[in-house]
Amino acid sequence: MGQKVHPYGLRVGYIKPWKARWFAKRDAGTILMEDLKIRSYLKKKLAIAGISSVEIERSSNRLRLRIFAAKPGVIIGRRGQEIDKIKEELAALTKNEIFLDIKEVKIPQIDAQLVAENIVLQLEKRIGFRRAMKKAIQLAMQKGALGIKVQCKGRLGGAEIAREEKYHEGKVPLSTFRADIDYGFAEAFTAYGTIGCKTWIYKGDVLVKKEQEAQKLELEKKFKVVEEEMPKAEVPGAVAPASEVPQHGGTREKTSDASTT
């Protein structure tokens, strides 16, 4: 199953969030096309910055783009000049008000998309495919990846017959839902033809149940603190508990009726 399904799509809603978060009763197709145009534009325009992924959030007439990049400084520019240009150009693609959030990819060596793009860039510069693949694997394992698999398909080294080459190190459990597997795909357009490169990087397990239990415990603690701090409300007609009823010691005093003689 893990060989046939996209590793990200398989885990959406379990350990991975949706990359486009919006709801539309009508015009879902046009909004989807708008998203695709925005993503392709950002990929082409900011190729130097090393964009890993783009998350899109829509609410009413607002559009928030969260861009994950290896070099966020390239996108921002001096005093935010480059961001303003990007906003102006994106305004031509959509009618919504645009907000940009630039996030840094702290370790690009274990980001699958960036690793695939790096291998592709080397293939286009006529560097040996084996050397490029093995170097990517070595760097990923050094930076803390638990497992990596790299696959290249096409006319490798200018061969007449297209073939497939695979290298892997560590473990990559594709069928395990809790396994955090990052997946990336890129294409190299060489003189001999197109070469596709796929990468799978295993970063460890995400234990959902344990996280949920921890969140529940935190919420319970918060509610307990709130209940202790809140003053007890007096309910009209309520009977006070026996511990709170004042108890008088000794015998009762007999009241003498003044009217009796």
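These numbers come from a predicted model, not from an experiment. For the single chain, residues carry numbers from 1 onward in sequence order.
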(message) Ignoring hydrogens, what is the shortest heavy-atom contact between Glu82 and Gly77? Give both atom names and the distance.
(response) CG-CA, 3.7 Å

(request) Any chance you could measure Lys198, atom NZ, to Gln151, atom CD, to the nearest 0.5 Å? (result) 5.5 Å

(request) Specify the closest pair of heavy atoms between Pro17 and Val12, including all atoms of both residues, with the distance to one decimal. (result) O-CG2, 4.3 Å

(request) Name all residues meeting the side-chain hydrogen bond (donor to acceptor under 3.5 Å, both in side chains) criterion together with Arg39; count only those two or more places apart in sequence or in a different chain, and write none if there are none. (result) none

(message) Rounded to the nearest 0.5 Å, what separates atom NZ in Lys203 from atom CD1 in Ile148?
(response) 10.5 Å

(request) Would you please name every residue forming a ring pair (Phe, Tyr, Trp, His ring centres under 6.0 Å) with Tyr183, sequence neighbours left out? (result) His6, Trp200

(request) Using the test salt bridge (Lys or Arg N to Asp or Glu O under 4.0 Å), find all partners of Glu57 that sit at least two apart in sequence or belong to another chain. (result) Arg21, Arg66

(request) Please go through Val105's hydrophobic cluster and name the other residues, only I, L, V, M, F, W, Y counting, with side-chain heavy atoms under 4.5 Å joining them. (result) Phe68, Leu114

(request) Each residue besides Phe99 in its hydrophobic cluster should be listed here, by chain and number; the cluster joins Ile, Leu, Val, Met, Phe, Trp and Tyr at side-chain heavy-atom distances under 4.5 Å. (result) none

(request) Identify the two heavy atoms, one from Gly154 and one from Ile195, that lie closest to each other, and give their separation to 0.1 Å. (result) CA-CG1, 4.3 Å

(request) State, yes or no, whether a side-chain contact exists between Arg178 and Asp205 at a heavy-atom distance under 4.5 Å. (result) yes

(request) Report the distance from atom CG of Leu174 to atom NZ of Lys4, rounding to the nearest 0.5 Å. (result) 11.0 Å

(request) Quick one: list whatever passes salt bridge (Lys or Arg N to Asp or Glu O under 4.0 Å) with Arg62, sequence neighbours left out. (result) none

(request) If a pair satisfies side-chain hydrogen bond (donor to acceptor under 3.5 Å, both in side chains) and one of its residues is in residues 107-120, list it, with sequence neighbours excluded. (result) Lys43-Glu117, Ser52-Asp111, Gln113-Glu117

(message) Please check this pair: side chain of Arg11 against backbone of Pro7, looking for a donor-acceptor N/O pair closer than 3.5 Å.
(response) yes

(message) Under a 4.0 Å threshold between the charged nitrogen and the carboxylate oxygen, would Glu89 count as salt-bridged to Lys45?
(response) yes

(request) May I ask you to list the residues sharing a hydrophobic cluster with Val120, side-chain cutoff 4.5 Å, ordered by chain and number? (result) none

(request) Could you list the residues that satisfy salt bridge (Lys or Arg N to Asp or Glu O under 4.0 Å) with Lys16, not counting sequence neighbours? (result) Asp180

(message) If you count every heavy atom of other residues, nucleotides or ligands that lies below 6.0 Å from Trp22 atom CH2, does the total exceed 12?
(response) yes

(request) Could you pull out all residues at least two apart from Thr94 that satisfy side-chain hydrogen bond (donor to acceptor under 3.5 Å, both in side chains)? (result) Glu34

(request) Answer yes or no: does atom CG of Leu36 have more than 12 heavy-atom neighbours from other residues, nucleotides or ligands under 6.0 Å? (result) yes

(message) Given 3.5 Å as the limit, does a donor-acceptor pair link the side chain of Asp182 with the main chain of Ala112, or not?
(response) yes

(message) Could you check whether Lys149 makes a cation-pi contact with Tyr202, meaning its NZ or CZ is under 6.0 Å from the centre of the six-membered ring and within 45° of the ring axis?
(response) no

(message) Give me the atom names and distance for the closest heavy-atom approach of Met141 to Leu146.
(response) CE-O, 4.0 Å

(message) If I take atom NZ from residue Lys134 and atom OH from residue Tyr167, how far apart are they, to the nearest 0.5 angstrom?
(response) 4.5 Å

(message) Between Gln142 and Gln138, is the side chain to side chain contact (heavy atoms under 4.5 Å, CB included) condition met? List the steps.
(response) CA-CA 6 Å; Gln142 282 175 4; Gln138 189 183 350; 3.5 Å; yes

(message) With rounding to the nearest 0.5 angstrom, report the CE to SG distance, Met133 to Cys152.
(response) 4.0 Å

(request) For side chain to side chain contact (heavy atoms under 4.5 Å, CB included), just list the numbers for Arg64 and Asp101, CA-CA rounded to whole Å, side-chain angles, deciding distance to a tenth of an Å, and then say yes or no. (result) CA-CA 7 Å; Arg64 185 173 291 278; Asp101 291 339; 3.1 Å; yes

(message) With a 3.5 Å distance limit and no angle check, can you tell me whether Glu124 reaches the backbone of Phe189 through a side-chain donor-acceptor pair?
(response) yes

(message) As a quick check of understanding, evaluate side chain to side chain contact (heavy atoms under 4.5 Å, CB included) for Asp35 and Arg58, giving each step before the final call.
(response) CA-CA 10 Å; Asp35 284 4; Arg58 291 172 183 270; 2.6 Å; yes

(request) Rounded to the nearest 0.5 Å, what's the gap from OG1 on Thr176 to CG on Leu10? Could you check? (result) 10.0 Å

(message) Using a 4.5 Å cut-off between side-chain heavy atoms of Ile, Leu, Val, Met, Phe, Trp and Tyr, which other residues end up in the same hydrophobic cluster as Tyr41?
(response) Ile38, Leu42, Leu46, Ile51, Val54, Ile56, Leu63, Leu65, Ile67, Ile75, Ile76, Ile83, Ile86, Leu90, Leu93, Ile98, Leu100, Ile102

(message) Just so I know, are the side chains of Ser60 and Asn96 near enough to count as touching, which here means a heavy-atom distance under 4.5 Å?
(response) no

(message) Ignoring hydrogens, what is the shortest heavy-atom contact between Pro108 and Val115? Give both atom names and the distance.
(response) O-CG2, 4.0 Å

(request) Check Ala28 against Ala24 and note the closest heavy-atom contact, atom names and distance. (result) CA-CB, 4.3 Å

(request) Report the residues that fulfil salt bridge (Lys or Arg N to Asp or Glu O under 4.0 Å) with Glu165, sequence neighbours left out, ordered by chain and then residue number. (result) Arg130, Arg163

